[in-house]
Number of protein chains: 2
Amino acid sequence: MYHKKRAQTYDCGLDLVGEILYGKWKIRLLYFINEGHIRPGQLQKKIPEATRRVLNVQLNELENHELILKTIFPVLPPKVEYRLTELGQTLIPLILSIGLWGDKHEERLREILKKTNEQRQ
Amino acid sequence: MYHKKRAQTYDCGLDLVGEILYGKWKIRLLYFINEGHIRPGQLQKKIPEATRRVLNVQLNELENHELILKTIFPVLPPKVEYRLTELGQTLIPLILSIGLWGDKHEERLREILKKTNEQRQ
DNA sequence: TCATATAGGGCTAAATTTATCCGTATTGAT
DNA sequence: ATCAATACGGATAAATTTAGCCCTATATGA
């Protein structure tokens with residue numbers, strides 16, 4: 001497992017949240033788990049752009065950060081389920097608001113991103 | 001300027017927000033600008049862990065993404081001011097909620113991060 | 001016997017992001 | 001003449017994150 005070389009300082013709440021939510025797929029993982037897609041395979045179907053590997057990595061981090069809980073059923077073929085911890089649940093309203101904001105400004109944001117992505121040629 | 005090689009797909013509002021807010025210092029920049037620290041030098045003082053260079057890079061991105069507006073005053077020594085665009089302003093409530101969540105769970109989060117950072121030795 | 005379903009992780013490569021270093025510019029004060 | 005204040009960005013290095021490839025494991029059913 002990779003470990004950071006640069007020391008981290010967490011000055012304020014915003015920093016702390018940044019640290020645990022910073023990851024390309026994390027917020028979406030939380031979102032989908034909350035929606036009931038609780039098995040690894042289901043999550044992969046919801047986020048096909050990500051490889052299974054990365055999802056595992058990020059799920060592990062979410063678990064270490066105590067936002068989700070993993071249950072491994074001792075059956076074959078293997079079965080795993082994730083669910084939000086209490087702490088994780090308290091994040092859901094925030095995630096939903098962020099999503100709503102994005103939906104509300106979707107058109108505008110797409111234009112903006114289109115423009116800036118074009119510039120980079 | 002760096003340009004991305006991997007194609008991006010934005011499936012939902014959450015994706016779009018992710019794209020424009022993903023950056024180590026962006027949320028804090030928005031936060032501080034909203035608090036009235038509108039000049040580059042002031043922002044650097046508020047975020048001393050970041051180099052001036054990176055702040056510039058991220059400020060530029062925020063500007064391109066139309067979340068902030070830059071005013072260059074033609075004086076010497078140079079003077080620059082940033083302020084939130086209307087779009088940027090609509091993000092503030094979200095950012096504040098995130099910060100509040102972080103503050104509320106500060107102790108818990110520090111413990112969690114301490115643990116996970118220790119593991120990585 | 002072989003594919004299928006299911007989930008995991010090591011290792012390495014590539015992409016992306018962040019940090020460092022250094023050079024530019026100008027006025028006014030020492 | 002030099003330095004401080006103020007701000008910007010190119011080029012490159014380092015750190016970090018994400019992706020790709022490949023191997024493990026086992027019961028069931030074709």
Side-chain angles (χ1 to χ4, degrees), chain A residues 1-9 15 18-29 33 37-65 68 70-82 116-117 119-120, chain B residues 1-9 15 18-29 33 37-65 68 70-82 116-117 119-120:
Chain A
M1 196 212 237
Y2 182 82
H3 66 267
K4 306 199 179 188
K5 293 182 183 166
R6 256 189 271 272
Q8 304 275 305
T9 57
D15 279 19
E19 182 70 14
I20 59 166
L21 288 187
Y22 208 64
K24 190 163 173 179
W25 314 102
K26 285 189 185 173
I27 289 186
R28 278 198 275 169
L29 284 170
I33 290 172
H37 305 95
I38 57 178
R39 299 189 56 189
Q42 296 176 325
L43 290 167
Q44 234 261 288
K45 264 170 216 150
K46 298 303 286 182
I47 315 181
E49 315 93 277
T51 62
R52 185 58 156 279
R53 185 75 182 85
V54 188
L55 293 185
N56 282 337
V57 169
Q58 305 220 341
L59 284 165
N60 284 338
E61 288 179 12
L62 289 173
E63 195 194 358
N64 287 331
H65 289 154
I68 62 177
K70 179 178 186 173
T71 312
I72 303 176
F73 295 90
V75 297
L76 275 164
K79 178 175 173 183
V80 163
E81 283 183 8
Y82 290 101
T116 55
N117 289 336
Q119 279 178 10
R120 330 198 200 201
Chain B
M1 194 210 234
Y2 182 82
H3 66 266
K4 306 199 177 188
K5 293 183 183 166
R6 255 189 271 272
Q8 306 274 305
T9 57
D15 280 19
E19 182 71 13
I20 59 166
L21 288 187
Y22 208 64
K24 191 161 173 182
W25 314 102
K26 285 189 185 173
I27 290 187
R28 277 198 276 168
L29 284 170
I33 290 172
H37 305 95
I38 57 178
R39 299 188 56 190
Q42 296 176 324
L43 290 167
Q44 233 260 288
K45 265 171 216 151
K46 297 303 286 183
I47 315 182
E49 315 92 276
T51 61
R52 184 60 155 279
R53 185 74 181 85
V54 188
L55 293 184
N56 282 337
V57 170
Q58 306 221 340
L59 284 165
N60 285 339
E61 288 179 13
L62 289 172
E63 195 194 358
N64 287 331
H65 289 155
I68 62 176
K70 179 178 185 172
T71 313
I72 303 176
F73 295 90
V75 296
L76 277 163
K79 178 175 171 182
V80 164
E81 283 182 7
Y82 292 101
T116 54
N117 288 336
Q119 279 178 11
R120 328 198 201 201

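Chain letters run A, B, ... following the sequence lines, proteins first and then strands; every chain starts at 1. Remember, it's a predicted structure, so these values are computed and weren't measured experimentally.
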Any idea which of [options] is nearest the [X] side chain?
{"X": "A:K24", "options": "C:dG8, C:dA15, D:dT18", "value": "D:dT18"}
{"X": "A:Q58", "options": "C:dG8, D:dT18, C:dT16", "value": "D:dT18"}
{"X": "B:K5", "options": "C:dA19, C:dA7, C:dT16", "value": "C:dT16"}

Would you kindly compare B:L59 and A:R6 by the position of their nearest DNA chain D nucleotide and give the one closer to the 5′ end?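 Per heavy-atom nearest nucleotide, the more 5' residue is B:L59.
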For atom [atom1] of [X] and atom [atom2] of [N], their distance in whole Å:
{"X": "B:Y2", "N": "D:dG10", "atom1": "OH", "atom2": "P", "result": "16 Å"}
{"X": "B:K70", "N": "D:dT6", "atom1": "NZ", "atom2": "P", "result": "16 Å"}
{"X": "A:Y82", "N": "C:dT6", "atom1": "OH", "atom2": "P", "result": "15 Å"}
{"X": "B:E49", "N": "C:dT18", "atom1": "CD", "atom2": "C1'", "result": "13 Å"}
{"X": "B:E63", "N": "D:dA7", "atom1": "CD", "atom2": "P", "result": "15 Å"}
{"X": "B:N64", "N": "D:dG9", "atom1": "CG", "atom2": "C1'", "result": "14 Å"}
{"X": "B:H3", "N": "C:dT17", "atom1": "NE2", "atom2": "C1'", "result": "15 Å"}
{"X": "A:R52", "N": "D:dC21", "atom1": "CZ", "atom2": "P", "result": "17 Å"}

With a 4.0 Å cut-off on heavy atoms, is [X] in touch with a base, just the backbone sugar-phosphate, or nothing at all?
{"X": "B:Y22", "value": "sugar-phosphate"}
{"X": "A:K26", "value": "nothing"}
{"X": "B:V54", "value": "base"}
{"X": "B:T51", "value": "base"}

[N], OP1 or OP2 - any side-chain N/O from [X] closer than 4.0 Å?
{"X": "A:K79", "N": "C:dA5", "value": "no"}
{"X": "A:N56", "N": "C:dG8", "value": "yes"}
{"X": "B:N60", "N": "D:dC8", "value": "no"}

List the residues meeting salt bridge (charged side-chain N to carboxylate O under 4.0 Å, His left out) with B:K26, not counting sequence neighbours, and say none if there are none.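 In terms of salt bridge (charged side-chain N to carboxylate O under 4.0 Å, His left out), with neighbours along the sequence ignored, B:K26 is linked to B:E61.
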Charged tip of B:K70 within 45° of B:Y82 ring normal and under 6.0 Å: no
Between [X] and [Y], what is the shortest heavy-atom contact and its length?
{"X": "A:R52", "Y": "A:P40", "result": "NH2-CB, 3.8 Å"}
{"X": "B:L29", "Y": "B:L55", "result": "CD2-CD2, 4.1 Å"}
{"X": "A:I47", "Y": "A:R28", "result": "CD1-CB, 4.2 Å"}

No-H, no-angle donor-acceptor pair, A:R53 side chain to C:dG10 base, under 3.5 Å: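 A donor-acceptor contact between them is present.
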